[in-house]
Amino acid sequence: MWGLRDVRFLKRYKHKELIAVAVGAVLAGVPLVAFDFWLNGVVDRQGQDEVAISAKRSMTLAETRVSRVIATLDDLAARGVDNCRPTALEAMRQAAFTTTPVKEVAVVGPDGQTQCTHLGLPLGQRKVLSSEPLVGANGYSFDIIQLGTRSERMIRLRRSSGAAGVAALMSADLFLPQVSTEGTLFSAYARVKTRQGNLIGEAGTLTDENEGQSSSFISRMQSDRFGFAVMVAKPRVSASTNHGDLNKLSLFVPAAIAAVLIAFAKLIPKRQAGNPVAELARALDAGEFVPYYQPIVDIRSGQLQGAEVLVRWRKPDGTLIPPGSFIPLAESGGLIHDMTMDLMRRVCVEAGAAIGRRPGMKIGFNFAAQLFKSESIIKEVRDVFSGTPIALTQVVLELTERDPIENLTETRRIIAAMQGIGLRIAIDDVGTGHSGLSYMLKLGVDIIKIDKMFVDAIGSDRNSTTIVETLVDLAHNMRMDIIAEGVENFEQVVHLRELGIRQAQGFVFAPPLPGSAFLQLIEAIDPQAAVTAEEAAASRYTSASRKRFGAV
Ligand code: C2E
Ligand code: CA
Ligand code: CA
C-alpha cells in the first residue's frame, strides 16, 4: 500500500525529473540555438559578400569596356574619321578588329541615323530606346538601341559633336556578370542602368518581393566615372538552400557535439598517425587535382592572350582546396612531378581543342624549380603535348620557386634546351623572395611575371614604382615579355599600361575559372569557325584520353 510519505516522495521525484528534463533540453538547446545563430550569420555574410563582389565586378567590366571603346573612338576621330570614304571605312575596320567588345563601328549623322558601318552590311532598323550624354566623357552620348526585332539590347557610344561622328556598338550583355564568385555560371539577378535611370541590361529574374525587402541580399553601386548604377540581388532562400545540408545538420548538432567529445581522444592519435603525403598520392590517383584557368589579357588591345593553369584539389564531397595548402607538401613529398604532368594531360583533354584552334593563345603551367633539375623532363613535356592540338610554342612554363635554385648553370642549360623545342619559360613572382634580378639575368627566360605586391603598390609607393620601372626597362632590353599579376582594379590597369606593360591577369578581368566556364568565355570572346580536319583528328585523341581521365 502507498502511504502519504510515498506520494510526497513520488511528487518530489517527478519534480526532480522535470527539472532534469528541462536542464537537459537547455543543454541540448543552447548549442542548437548558437549553431542556428552562427549559421544565419554565415549565410548572411556570404550572401552579402557574393552580391557585393558581383556588383563590383559588373561595374569594373562596364567601366573598363566603355573606357576602352572611348579610347578607340577618340583615336578614330583624331584621324579624321567622320565620313564613309574608303580610307575611313578601312580605319573603322581595323578599330573594330582590335577593340574586343565592339560589334560594329559606324558613322552616325547628327540626326542619330547610321550612315555606314565597318561591315558594309545592310543597315536594318535601329530603334533608339534612349539617348543621354555620357557623364565623365565630354562630347559623348550613350544610346540604347534595339536592332530590328531582336530583343537583345545594344549600347551605342557616339561622339556627338553636332555633326556626323563615329560610334561603336556593343552588346549590353557585356555589362552584366557572367560568372558567380564561385566560378559557376551567374544565377542571381543583376541590372545596370544609366545615370538617368535608363535600363542598359539585366540578367536573371527579379521577383516582386525581392527588391527592398529583407528576403534578398542586395548590393547597389554607382560608377564614379560614368554614372552607371549596378544592382545585384539574390533571394535569401536560394542562399540558404545552398546551405540546406548545414540546416539539416543543425538538428544533429547537440548529438554531434557529444559524439565528438567521446571520439576526440581516439581521433587525435589517428589523425596524427595518418600520412598526409599518402593522402595526396591517393587523391592524385583518384584524379582529384583539377585545372582552373585564369585568363591573361592584353591591356592595350583588350584581347585574350591565354591563361595560367592553377591547380585545385576537388575533394569527393565537392570542397575545393586552394594550392597554397598542398603544393608545398607535394613538392617536399616528391609528388609535384606526377601532379604537374597529370595536370598538363588534363588540360590537353579539357581545353586542348579550343586552345589549339587559336594558335596565338598561350597556356601557362606552374613548374616547380625542382622539375628543371633533370634533363629527362624535356622529353616528358614534349610527349605530353605531342599528338594533342596544343603546340609546344603555345606552352609557357612558369618557374615557381620557394627555395633558392641550387645549380643555376644546370637549370640555365635545361631552360635553353626547353626553349630549343619551342617552349617559353617565365619566372614567377619576380621581385619577391629569391625570384630577383639575378635569376632574371642568369636564367635566360622569355617572360617575367611581376608579383601582385608590386602591382598593389604602383602609384602609391614611389620605391615600388621605381622597381617596376627598372624591371620593365631591363625586360625590354633583354627582349623579355612582362605579365603583371593580381590586378584588381581599373587604376592599376591604367598605371601598368603607362609603365609600358602589355599583359595582365587578375580579378579585374576574371578569377581562376573552372574548365567549363573558361571554355565558354573563350568561345564568347573569340568565336571560331567549324571543326577543321586537324581538330577532328585531335578529337579522336581526346576521346581516347577522356577514358583515362574521366574528363568533364
Ligand atoms: P601564382 O603562380 O603566383 O598564382 C597566382 C595566384 O594569385 C593564384 O592563387 C590566383 O588565384 C591568385 N590571384 C589571381 N588574381 C588575383 C587577384 O586579382 N587578387 C588576388 N588577391 N589574388 C589573385 P592560387 O590559385 O591560390 O595559387 C597559389 C599558388 O600556388 C600559385 O601562385 C602557384 O605558386 C602555386 N600553384 C598553383 N597551381 C600550381 C601547380 O599546378 N603547380 C605548382 N608547382 N604550383 C602551383
Ligand atoms: Ca604562376
Ligand atoms: Ca605569381
Side-chain angles (χ1 to χ4, degrees), residues 53 56-57 60-61 64 179 181-183 280 283-284 288-297 299 306-314 320-347 362-373 377 381 384 395-403 424-436 439 445 447-458 471 482-493 496 503-514 517-518:
I53 291 172
K56 173 125 194 280
R57 204 182 288 158
T60 313
L61 275 177
T64 312
V179 182
T181 46
E182 281 112 32
L280 280 189
L284 183 59
E288 291 175 15
F289 296 103
V290 295
Y292 268 51
Y293 305 76
Q294 185 170 39
I296 298 175
V297 173
I299 52 176
E308 173 178 1
V309 173
L310 292 156
V311 67
R312 300 284 180 267
W313 181 356
R314 190 191 287 143
L320 219 52
I321 317 265
S325 14
F326 59 86
I327 288 287
L329 192 62
E331 284 184 5
S332 60
L335 286 170
I336 194 67
H337 170 276
D338 290 359
M339 194 181 275
T340 308
M341 292 297 149
D342 181 77
L343 203 66
M344 287 181 153
R345 287 189 202 101
R346 280 173 189 280
V347 169
K362 303 277 184 288
I363 184 85
F365 294 89
N366 287 286
F367 227 69
Q370 53 173 273
L371 299 183
F372 287 92
K373 273 188 191 155
I377 192 74
V381 174
V384 166
V395 177
V396 177
L397 304 181
E398 297 187 2
L399 194 157
T400 304
E401 182 48 4
R402 267 163 252 284
D403 307 305
R424 303 182 82 219
I425 314 295
I427 315 185
D428 213 346
D429 306 328
V430 164
T432 67
H434 308 287
S435 284
Y439 285 1
V445 299
I447 302 165
I448 60 168
K449 298 196 77 174
I450 296 192
D451 192 72
K452 179 176 191 323
M453 197 175 90
F454 290 103
V455 172
D456 285 343
I458 289 173
L471 289 175
I482 307 170
I483 303 177
E485 295 183 311
V487 183
E488 290 185 342
N489 60 54
F490 185 75
E491 287 73 40
Q492 291 172 339
V493 178
L496 291 168
Q503 300 184 64
Q505 66 188 95
F507 294 167
V508 69
F509 307 112
L513 302 169
F518 176 64

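First listed ligand is number 1; within each ligand, the first listed atom is number 1.
Within a 4.0 Å radius of atom 32 (O) of ligand 1, the protein contributes no heavy atom. Under the 4.0 Å distance rule, the nearest protein heavy atom to atom 39 (C) of ligand 1 falls inside the cut-off. When distances from atom 9 (O) of ligand 1 to the protein are checked, no heavy atom turns up under 4.0 Å.
Contacts of D428 with ligand 1, taken as heavy-atom pairs under 4.0 Å, involve the side chain alone. Neither the backbone nor the side chain of D451 has a heavy atom within less than 4.0 Å of ligand 1. When heavy-atom distances to ligand 1 are checked against a 4.0 Å cut-off, K452 comes that close only through its side chain, counted from C-beta outward. Residue I327 touches ligand 1 through its side chain alone, judged by heavy-atom distances below 4.0 Å.
Taking distance alone, with nitrogen or oxygen atoms compared against 3.5 Å, D429 approaches ligand 1 more closely than that limit. Of the polar atoms of L343, none of the N or O atoms is found under 3.5 Å from an N or O of ligand 1, judged by distance alone. Note: no N/O pair closer than 3.5 Å links T340 and ligand 1 by distance alone.
Selection from I321, T400, I336 by nearest heavy atom to atom 44 (N) of ligand 1 gives I336. Distances from atom 22 (N) of ligand 1 to the heavy atoms of F509, F507, F289 put F507 nearest.
Residues V493 and V508 have side chains in contact (heavy-atom distance under 4.5 Å, counting atoms from C-beta outward).
Counting protein heavy atoms only, atom 45 (N) of ligand 1 is closest to N366 CB, 3.6 Å. Atom 4 (O) of ligand 1 has L310 CD2, 3.5 Å as its closest protein atom, hydrogens excluded (heavy atom only). The protein atom (non-hydrogen) at minimum distance from atom 19 (N) of ligand 1 is E488 OE2, 2.6 Å. In terms of protein heavy-atom proximity, atom 11 (O) of ligand 1 is closest to P512 CG, 3.2 Å. Remark: minimum distance from atom 24 (P) of ligand 1 to any protein heavy atom is reached at P323 CG, 3.6 Å.
By the 30° and 60° cut-offs, the orientation of the rings of W313 relative to F326 is perpendicular. Aromatic ring orientation, F518 versus Y293: parallel (interplanar angle below 30°, classes split at 30° and 60°).
Excluding waters, the set of protein N/O/S atoms under 3.0 Å from the Ca ion (ligand 2) reads E308 OE2, N366 OD1, E398 OE1, D428 OD2.
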Stepwise, does the side chain to side chain contact (heavy atoms under 4.5 Å, CB included) test hold for F509 with I299?
CA-CA 10 Å; F509 307 112; I299 52 176; 3.6 Å; yes

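Contact analysis puts Q294 in contact with ligand 1, with a non-hydrogen atom separation below 4.0 angstrom. Ligand 1 is approached by R312 to a heavy-atom distance shorter than 4.0 Å. Ligand 1 is approached by E308 to a heavy-atom distance shorter than 4.0 Å.
In this structure, E398 and D428 approach most closely via the heavy-atom pair OE1-OD2, 3.3 Å. Of all the heavy atoms in V455 and A484, the pair that sits closest is CG2-CB, 4.0 Å. Between V347 and P291, the closest heavy-atom pair is CG2-CB, 3.7 Å.
Considering only residues two or more places apart in sequence or on other chains, N366 meets the side-chain hydrogen bond (donor to acceptor under 3.5 Å, both in side chains) condition with E308, T400.
Distance OG1/T64 to CZ/F490: 5.5 Å, rounded to 0.5 Å.
Ion pairing between a basic and an acidic side chain is recognised when a charged N comes within 4.0 Å of a carboxylate O; E485 and K449 show such pairing.
The environment of K362 atom NZ is dense: over 12 non-hydrogen atoms of other residues, nucleotides or ligands sit within 6.0 angstrom.
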